[in-house]
Amino acid sequence: MIKLTGRDFLKLLDFTSEEIEGLVDYAAELKAKKKAGISHRLCEGKNIALIFEKTSTRTRCSFEVAAYDLGMGVTYLDPKASQIGKKESIADTARVLSSMYDGIEYRGHGQEIVETLAKYSDVPVWNGLTNEFHPTQIIADLLTIREQFGTLKGINFVYMGDARYNMGNSLMVGCAKMGMNFTACCPKKYFPAKELIEECEEVAKATGATLRFEENPDIAVKDADVIYTDVWVSMGEPIEVWEERINDLSPYQVNSALMKKTGKESTVFMHCLPAYHDLKTEVGAEMGEKFNRDAMEVTDEVFESAQSIVFREAENRMHSIKAVIAATLL
Ligand code: CP
Ligand code: NVA
């Protein structure tokens with residue numbers, strides 16, 4: 001197993017390619033143990049705190065189940081329940097929680113908040129999503145891709161949609177680190193920030209990865225092994241941006257016609273979830289009716305197709321988060 005004892009897990013750029021691969025290996029090992037019913041209470045007696053300033057299904061449940069499987073206690077602090085930000089600074093919170101807990105997960109807004117939490121905390125801090133990065137999601141995505149294709153190096157990975165937010169950024173870093181061929185496909189204004197691209201290009205030089213930024217979906221998806229997308233409007237963004245996003249990103253929707261343009265039957269569809277693939281959600285229904293659409297970033301047809309591996313990807317969140325917790329706590 002990989003040992004990252006005492007390290008924070010804030011963004012993938014802080015880790016070497018070998019360390020990231022080690023986490024993917026460890027997640028696979030823990031997944032196999034769980035499937036075989038082999039007990040792995042490796043962190044018996046430890047306790048962790050989960051701070052969520054934004055809502056969650058997968059990440060929260062993954063941290064909780066992972067903690068229970070590892071023999072740990074968990075405290076969940078929801079977006080309204082704690083004093084954080086309102087009556088107590090993040091630095092004070094860090095010092096209080098790290099005196100009681102063995103690890104702290106944080107989901108919230110700016111990356112600088114989780115970085116501050118880590119700075120003032122004596123125990124490992126795990127990023128459960130910020131506006132800029134979502135690193136635990138990427139470990140799960142890499143595991144899922146490797147399960148599917150048997151390798152990561154050389155995989156043609158295409159991200160459709162808003163590539164300058166947490167998912168686009170983190171996937172670009174993950175692909176660069178693992179020697180994959182990353183394409184972001186969207187209008188120019190949605191490309192990741194120049195500084196982050198430059199940093200990833202440096203990484204890519206060492207790993208053999210390639211990075212491409214392409215506005216034309218037909219060109220972008222040719223030969224793609226993985227087509228990935230995320231919501232067009234992320235948590236914490238104002239409702240007013242929906243109209244602009246729909247106008248800008250509709251040509252980048254993942255639909256059956258686009259999936260066919262890869263020229264490969266083996267292409268898979270991935271999404272971090274939750275997804276607006278139908279009108280069966282409050283926001284999906286409201287925006288669908290307002291803008292006369294039956295889906296947003298992905299059609300229901302693709303989402304429900306045999307090419308879609310989104311639910312295995314979601315399951316892998318738990319195994320990956322367990323690997324991150326155990327690697328940093330043991
Ligand atoms: N993919 C993901 O992070 O999902 P949740 O928002 O449900 O945690
Ligand atoms: N970009 C999305 C990812 C959710 C897992 C958001 O931040 O809402």
Side-chain angles (χ1 to χ4, degrees), residues 134 137-138 141-142 144-145 148-149 151-194 196-201 203-205 207-234 244-273 275-277 293 295-303 305-310 313:
H134 194 7
Q137 176 75 49
I138 309 311
D141 293 343
L142 294 174
T144 312
I145 295 168
Q148 188 71 21
F149 297 103
T151 181
L152 292 171
K153 216 170 171 51
I155 290 292
N156 296 328
F157 183 101
V158 180
Y159 180 86
M160 305 291 300
D162 184 353
R164 53 182 188 166
Y165 217 72
N166 43 25
M167 286 312 306
N169 287 346
S170 310
L171 287 164
M172 175 170 70
V173 177
C175 288
K177 288 274 184 186
M178 301 321 291
M180 296 162 71
N181 303 316
F182 175 83
T183 301
C185 181
C186 48
K188 264 201 187 71
K189 73 184 202 205
Y190 295 94
F191 288 169
K194 195 167 150 280
L196 186 63
I197 293 179
E198 283 167 6
E199 234 175 311
C200 288
E201 268 163 358
V203 174
K205 272 188 209 156
T207 62
T210 62
L211 305 181
R212 182 170 63 142
F213 304 92
E214 175 57 62
E215 289 189 89
N216 183 331
D218 294 1
I219 296 173
V221 302
K222 192 173 177 310
D223 288 330
D225 297 304
V226 180
I227 295 187
Y228 198 116
T229 192
D230 181 20
V231 291
W232 291 338
V233 178
S234 285
E244 185 191 17
R245 296 288 164 78
I246 288 174
N247 288 336
D248 290 344
L249 297 173
S250 290
Y252 300 87
Q253 183 194 54
V254 181
N255 50 42
S256 296
L258 188 81
M259 291 299 287
K260 285 197 188 85
K261 286 180 186 158
T262 67
K264 287 183 174 173
E265 278 178 21
S266 56
T267 311
V268 292
F269 169 71
M270 294 178 69
H271 191 309
C272 54
L273 306 183
Y276 293 119
H277 58 95
R293 302 177 60 88
M296 297 295 170
E297 72 275 10
V298 55
T299 59
D300 199 43
E301 195 181 4
V302 169
F303 188 88
S305 70
Q307 285 172 292
S308 171
I309 56 171
V310 296
E313 180 185 3

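What you see below is based on every heavy atom in this structure, not just the backbone, and it leaves out hydrogens, waters and symmetry mates.
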Thr207 backbone acceptor or donor facing Lys153 side chain under 3.5 Å: yes
Reported CG-to-OG1 distance for the pair Asp218 and Thr262, which is rounded to 0.5 angstrom: 11.5 Å
Val231 vs Met296 side-chain heavy atoms within contact, under 4.5 Å: no
Rounded distance (nearest 0.5 Å) linking atom NZ of Lys260 with atom CD of Glu265: 11.0 Å
Separation of Asp225 CG from Gln148 CD (nearest 0.5 Å): 10.0 Å
side-chain contact (heavy atoms from CB on, under 4.5 Å) between Val310 and Glu313, worked out: CA-CA 5 Å; Val310 296; Glu313 180 185 3; 4.0 Å; yes
Side-chain heavy atoms of Thr267 within contact of Gln307, under 4.5 Å: yes
Residue pair Ser305 / Met259, side-chain heavy-atom distance below 4.5 Å: no
Plane angle bin for Tyr228 and Phe157 - parallel if under 30°, tilted between 30 and 60°, otherwise perpendicular: tilted
Euclidean distance, Met180 CE relative to Leu152 CG, rounded to 0.5 Å: 5.5 Å
Carboxylate-amine/guanidinium contact Lys205 Glu201, below 4.0 Å: no
Ile219 and Arg212, any side-chain heavy atoms less than 4.5 Å apart: yes
Step-by-step side-chain contact (heavy atoms from CB on, under 4.5 Å) determination, Asn156 to Lys264: CA-CA 11 Å; Asn156 296 328; Lys264 287 183 174 173; 3.9 Å; yes
Aromatic plane relationship, Phe191 with Phe213 - under 30° parallel, 30 to 60° tilted, over 60° perpendicular: tilted
Expected output: side-chain Thr229 to main-chain Met160 donor-acceptor under 3.5 Å: yes
Worked check of side-chain contact (heavy atoms from CB on, under 4.5 Å) between His134 and Asn169: CA-CA 9 Å; His134 194 7; Asn169 287 346; over 6 Å; no
Lys189 and Glu244 ion-paired at < 4.0 Å: yes
Donor-acceptor pair between Asp248 and Tyr190 side chains, under 3.5 angstrom: yes
Distance in Å, Lys188 NZ paired with Glu214 CD, rounded so as to fall on 0.5 Å steps: 9.5 Å
Close side-chain approach of Val233 to Asp162, heavy-atom, < 4.5 Å: no
Main-chain N/O of Phe303 paired with Ser308 side-chain donor or acceptor, under 3.5 Å: yes
Any Glu297 side-chain heavy atom under 4.5 Å of Leu249 side chain: no
Heavy-atom side-chain proximity of Tyr159 to Met167 below 4.5 angstrom: yes
Student check: side-chain heavy atoms of Thr299 and Gln253 closer than 4.5 Å: yes
Atom NZ of Lys222: over 12 foreign heavy atoms under 6.0 Å: no
